[in-house]
Amino acid sequence: MDNLNIQTIRDEFQDMRDRSVSAKQIWQTFLSRNGRISEAFNRIGELESHTRKEFGQELNALKQEIQEYVDANQETEEQTPIDLLPVAPIEVAEERGHLSLISQTLYEIQDVFERLGFSVAQGPQMETEWFNFDALNIPVDHPARDMWDTIWVEDKTEPEHQYLMRTHTSPVQIHHMHNTKPPYRVIAPGVVYRYEATDATHETVFHQVEGLMVDDVTTIATFKGVMQMFFRHLFPVDTEMRLRPSYFPFTEPSFEIDIRPPGSEEWLEIAGAGMVHKNVLENAGVDTAYQGFAFGMGVERIIMLKHGIDDLRHFHAADLRFIQQF
Ligand code: PHE
């Protein structure tokens with residue numbers, strides 16, 4: 001091992017400084033946790049005890065000298081840019097951000113329903129089977145469970161409890177009915193999860209807006225009226241809407257809502273809906289003298305239609321050419 005000698009360390013520092021070694025490297029060599037200074041402090045015990053104090057003071061002085069040098073030189077060095085990540089050109093970076101198209105649309109949808117007397121409810125994204133399936137009249141082993149591609153969550157500490165990422169916003173209906181008394185007029189916007197391969201029209205994570213209206217007399221006519229009013233606000237006025245018979249375990253009868261933009265040949269499926277099934281009201285503890293409707297619509301779907309977007313994956317691609325259009 002070298003002799004413990006402050007002059008040696010100082011010479012080494014001066015030499016590096018004269019050779020214009022970077023401040024960063026000088027810091028590394030002398031001041032870092034395993035640097036010369038720490039190393040010397042750790043070896044103080046090897047010295048004769050009467051020389052230790054003086055040695056410590058000198059070592060501290062040297063440490064301070066090096067620190068000052070590093071502080072003074074670091075800044076100028078840092079002005080040289082190092083390209084670690086590709087970043088957007090400054091003109092772009094200085095522009096102000098804005099809400100994503102998804103958030104903008106969610107607020108827009110919320111706004112229309114609020115004018116129709118609806119309020120907004122929320123529920124958890126991770127659910128128990130009961131909320132996501134059973135309470136919605138989808139018992140275990142019922143083939144209807146296959147309508148949803150489920151992402152299961154394992155709880156290693158309590159294997160008997162099964163959790164899953166909600167496959168639709170419909171469980172929020174149950175939470176809401178559990179927690180409040182009828183009549184109901186709510187929407188529940190939120191993220192849902194499906195175990196799916198992604199392509200232009202499928203994503204594992206997407207948004208739905210659930211709706212629930214339950215009262216003494218809420219009929220299919222009420223339902224049609226509300227939906228028509230909603231689509232008229234969101235899309236061009238002469239957009240057509242139709243109800244097509246369908247099947248959901250939690251509604252009876254059930255429908256798909258299709259819309260047809262002005263001048264288009266094609267009908268496009270935009271939401272699932274129906275009159276709330278008696279069993280669902282019962283499961284949620286609501287008197288079955290009440291009646292009403294529920295619907296669940298795909299938000300990305302609506303946006304794609306409204307703005308003529310052809311691929312779902314644009315929403316998450318973080319491509320400014322896409323984002324800045326909205
Ligand atoms: N939850 C259904 C789905 O995700 C949609 C729906 C909601 C249907 C409410 C009827 C009533 O496909």
Side-chain angles (χ1 to χ4, degrees), residues 106 109 113 118 120-139 142-151 164-178 184-196 201-215 218-220 222-224 226-227 230-231 241-259 268-284 286 290-304 312:
L106 285 175
I109 294 173
F113 276 106
F118 284 69
V120 177
Q122 282 193 326
Q125 293 180 25
M126 192 170 83
E127 281 288 8
T128 59
E129 275 189 280
W130 193 78
F131 277 102
N132 195 82
F133 292 125
D134 302 73
L136 291 160
N137 201 33
I138 322 170
H142 192 286
R145 286 211 183 188
D146 298 339
M147 290 168 79
W148 292 272
D149 310 285
T150 312
I151 296 172
L164 55 117
M165 302 313 291
R166 66 178 179 200
T167 59
H168 50 184
T169 41
S170 298
V172 186
Q173 289 184 36
I174 309 294
H175 287 291
H176 187 71
M177 290 194 278
H178 257 302
Y184 303 118
R185 251 185 222 214
V186 275
I187 56 163
V191 175
V192 300
Y193 301 79
R194 305 256 171 113
Y195 183 66
E196 265 180 312
T201 54
H202 295 89
E203 274 275 18
T204 30
V205 182
F206 58 98
H207 296 76
Q208 284 189 333
V209 173
E210 191 80 11
L212 176 72
M213 179 168 174
V214 169
D215 210 331
T218 313
T219 63
I220 296 180
T222 324
F223 164 56
K224 231 181 141 171
V226 168
M227 295 324 284
F230 169 70
F231 286 117
M241 180 190 107
R242 76 173 180 194
L243 300 183
R244 190 160 40 86
S246 183
Y247 172 75
F248 296 101
F250 34 94
T251 45
E252 181 58 36
S254 303
F255 310 101
E256 294 294 341
I257 305 175
D258 295 340
I259 63 165
L268 301 149
E269 188 182 309
I270 209 155
M275 301 305 288
V276 180
H277 197 292
K278 188 170 71 59
N279 293 355
V280 174
L281 294 174
E282 260 168 20
N283 290 339
V286 174
Y290 284 97
Q291 63 176 43
F293 64 85
F295 61 84
M297 52 196 173
V299 176
E300 281 82 350
R301 238 256 177 66
I302 290 178
I303 299 175
M304 288 167 83
L312 256 178

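What you see below is based on every heavy atom in this structure, not just the backbone, and it leaves out hydrogens, waters and symmetry mates. Indexing begins at 1, ligand by ligand and atom by atom, following the structure's order. One is the number of the first residue; the rest follow in order along the sequence.
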Ion pair check, E269 and R244, cut-off under 4.0 Å
yes
Between the candidates F248, F293, F250, which shows the shortest non-hydrogen contact distance to atom 11 (C) of ligand 1?
F250
I'd like to know if R145 pairs up with E129 as an ion pair, taking the criterion as any Lys NZ or Arg NE/NH1/NH2 lying under 4.0 Å from an Asp or Glu carboxylate oxygen.
yes
Going by the 4.0 angstrom heavy-atom rule, the piece of W148 near ligand 1 is side chain
Applying a 4.0 Å heavy-atom criterion (strictly less than), which segment of S170 is in contact with ligand 1: side chain, backbone, both, or neither?
side chain
Could you see which bit of E210 sits under 4.0 Å from ligand 1, with heavy atoms only: side chain, backbone, both or neither?
side chain
Would you say M297 contacts ligand 1, with heavy atoms under 4.0 Å as the rule?
no
As a quick check of understanding, evaluate side chain to side chain donor-acceptor pair (under 3.5 Å) for S246 and E256, giving each step before the final call.
CA-CA 6 Å; S246 183; E256 294 294 341; 3.1 Å; yes
Quick one: does T167 get an N or O within less than 3.5 Å of an N or O on ligand 1?
no
Lys/Arg-Asp/Glu bridge criterion (N-O < 4.0 Å) met for D149, R194:
no
Do E127 and H168 pass the side chain to side chain donor-acceptor pair (under 3.5 Å) test, and can you show the C-alpha distance, the side-chain angles, and the key distance before you say yes or no?
CA-CA 10 Å; E127 281 288 8; H168 50 184; over 6 Å; no
Would you say the side-chain atoms of T219 pair up with the backbone N or O of T222, donor to acceptor, closer than 3.5 Å?
yes
For ligand 1, is there an N or O atom under 3.5 Å from any N or O atom of R194?
yes
H168 N/O under 3.5 Å from ligand 1 N/O:
yes
Give the residue, atom name and distance (to 0.1 Å) of the protein heavy atom nearest atom 7 (C) of ligand 1.
G296 N, 3.3 Å
Any idea which heavy atoms bring R166 and G190 closest together, and the distance?
NH2-CA, 3.5 Å
Considering only heavy atoms, does E256 approach ligand 1 within less than 4.0 Å through its side chain, its backbone, both, or neither?
neither
